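Read through the structure below, which is laid out as structure tokens, and then see the notes.
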Amino acid sequence: AALEHARALLSSGAHAVDLGPASSHPDSRQVSAAQEVERLRPVLDGLLAEGAAVSVDSCLPETQLYAVGRGVSYLNDIRGFPDRSMYPVLARAACKLVVMHSVQRAERATREQVDPAALPAEIDAFFAERIDALCAAGVERERLILDPGMGFFLGSDAGASVRVLRGIGDLRRRFELPLLVSVSRKSFLGALTGAAVSQRGPATLAAELYAAAQGVDYIRTHDVAALRDALAIARILDGGGEAC
């Protein structure tokens, strides 16, 4: 089922498939590295055999080692690669690294009360420290992609995600590195609209188009076809594409 879903995403225009072997939702249960690898293996092997670009979303070093060994295109770590013992492996690898910020610095999100006004400075400090550490260990700067986090990763206040999203263009200019944003169906959209998870498509698309207009390089989404079509129309209206 996972392979079929991944193929559908690719046929809808996805450039890469992000495989998450464990949930990071506040209500999720912990999963061991062995369980993560067991879940990943058939899907990852199948997609790589078909030539797909694959990202593995895990903060467990053992899972990351497995993914690097299989030749994934991206590693996505919600803790932002804090484990210094992994740095020699990351330096030798060829994949891009999605360095994500979260207020929890943990394997799962929690429902934290955070002052939205304090977040921009905290995010800047986090990225500055983590970029310096990774580059000092031999990771090429051009392999880094920054993700400021969204939803519960920025706290339980919807205003936190709104504030960070509004400043996303400035964040990209400050660090001069590609940005990834993942707003799809997030909790803050539900808080702002009252929509259930399954009904957050319109709010998701509005937030994604805003992020794209601010220069975000990667958007992690559930509904690839909707984003593909919306971006195509936006480009045409901006004069950057054909109208036929």
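Since the model is a prediction, treat every value here as computed from it, not as a measurement.
Of the N and O atoms on the side chains of T221 and D223, not one donor lies less than 3.5 Å from an acceptor on the other residue. Defined by atom type and a distance below 3.5 Å, a donor-acceptor pair is missing between the side-chain atoms of Q64 and S58.
In this structure, the side chains of M86 and F81 stay at 4.5 Å or more apart for every pair of heavy atoms. You'll find the side chain of K186 stays beyond 4.5 Å of the side chain of S161, heavy atoms only. Considering only heavy atoms from C-beta on, Y74 stays 4.5 Å or farther from L97 through its side chain. Between L146 and P178 the shortest side-chain heavy-atom distance does not fall below 4.5 Å. Contact annotation: the side chain of L19 approaches that of V43 to within less than 4.5 Å [non-hydrogen atoms, C-beta and beyond]. Side-chain atoms of S156 and Q113, non-hydrogen and from C-beta on, do get closer than 4.5 Å to each other. In this structure, I145 and L177 have side chains that are not in contact, with every pair of non-hydrogen atoms separated by 4.5 Å or more. No side-chain heavy atom of V99 sits less than 4.5 Å from a side-chain heavy atom of D77.
A salt bridge does not link D238 to R235: none of the charged side-chain nitrogens sits closer than 4.0 Å to a carboxylate oxygen.
Residues I168 and V98 do not share a hydrophobic cluster, clusters being chains of Ile/Leu/Val/Met/Phe/Trp/Tyr side chains in contact below 4.5 Å. Following chains of ILVMFWY side-chain contacts shorter than 4.5 Å, one cannot reach L47 starting from L9, and the two form parts of different hydrophobic clusters. In this structure, F175 is a member of the same hydrophobic cluster as V164, with clusters built from ILVMFWY side-chain heavy atoms closer than 4.5 Å. Using a 4.5 Å cut-off between side-chain heavy atoms of Ile, Leu, Val, Met, Phe, Trp and Tyr, with links allowed through other members, L75 and F127 fall into the same hydrophobic cluster. I131 and L180 are not part of a single hydrophobic cluster, where members link through side-chain heavy atoms under 4.5 Å apart.
With hydrogens and angles disregarded, a donor-acceptor distance shorter than 3.5 Å links the side chain of R130 to the backbone of G80. Side-chain N or O atoms of S187 include none that pairs as donor or acceptor with a backbone N or O of G151 at under 3.5 Å. No side-chain donor-acceptor contact under 3.5 Å links R185 to the backbone of V197. Checking side-chain atoms of R228 against main-chain N and O of S12 turns up a donor-acceptor pair under 3.5 Å.
Under the ring-ring contact (aromatic ring centres under 6.0 Å, His included) criterion, Y66 pairs with no residue at all, not counting sequence neighbours. Under the rule for a salt bridge (Lys or Arg N to Asp or Glu O under 4.0 Å), the partners of D217 that lie at least two apart in sequence or sit in another chain are R172. Considering only residues two or more places apart in sequence or on other chains, R141 meets the salt bridge (Lys or Arg N to Asp or Glu O under 4.0 Å) condition with none of them. Scored by the salt bridge (Lys or Arg N to Asp or Glu O under 4.0 Å) test, E38 finds no partners at all (sequence neighbours excluded).
To the nearest 0.5 Å, atoms CZ (R84) and CG (L90) are separated by 11.5 Å. Note that CG of D132 and CD of E129 are 7.5 Å apart. Values are rounded to the nearest 0.5 Å. The distance from atom CG of L179 to atom CG of L144, rounded to the nearest 0.5 Å, is 12.0 Å. Note that CG of L231 is 11.0 Å distant from CD1 of I236, once rounded to the nearest 0.5 Å. The structure places CG of D124 at 9.5 Å from NE2 of H101, a figure rounded to the nearest 0.5 Å. The CZ atom of R200 sits 10.0 Å away from the CG atom of L192 when rounded to the nearest 0.5 Å.
When all heavy atoms are compared, the tightest approach of V114 to G155 is CG2-CA, 4.0 Å. Across every non-hydrogen atom of A191 and A158, the tightest pair is CB-CB, 3.9 Å. Looking at every heavy atom in both residues, P42 comes nearest to L3 through O-CD1, 4.1 Å. Residues S184 and T204 share a closest heavy-atom pair of CA-CG2, 3.5 Å. Considering all non-hydrogen atoms of both residues, P148 and L171 come closest at CB-CD2, 4.0 Å. Residue E62 comes nearest to A33 through the heavy atom pair CB-CB, 3.6 Å, listed as atom of the first residue, atom of the second, then distance.
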Exercise for review: Could you give me the CA-CA distance, side-chain angles and deciding distance for V162 and M150, then say whether side-chain contact (heavy atoms from CB on, under 4.5 Å) is met?
Suggested key: CA-CA 9 Å; V162 171; M150 285 287 152; over 6 Å; no
Exercise for review: Carefully, step by step, assess D18 and N76 under the rule side-chain contact (heavy atoms from CB on, under 4.5 Å).
Suggested key: CA-CA 8 Å; D18 192 40; N76 187 354; 3.5 Å; yes
Exercise for review: Please report the C-alpha distance between F126 and M100 in whole Å, then the side-chain angles of each, then the deciding distance to 0.1 Å, and finally whether the side-chain contact (heavy atoms from CB on, under 4.5 Å) criterion is met.
Suggested key: CA-CA 9 Å; F126 173 81; M100 193 184 115; over 6 Å; no
**Study point:** K96 and E142: CA distance, side-chain angles, deciding distance, side-chain contact (heavy atoms from CB on, under 4.5 Å) verdict
**Key:** CA-CA 8 Å; K96 293 186 180 294; E142 56 267 26; 5.8 Å; no
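Residue pairs meeting the salt bridge (Lys or Arg N to Asp or Glu O under 4.0 Å) criterion with at least one partner in residues 143-159, sequence neighbours excluded, are E140-R143. Applying the salt bridge (Lys or Arg N to Asp or Glu O under 4.0 Å) test to every pair with at least one member in residues 48-61, sequence neighbours left out, gives these pairs: R7-E50, D57-R220.
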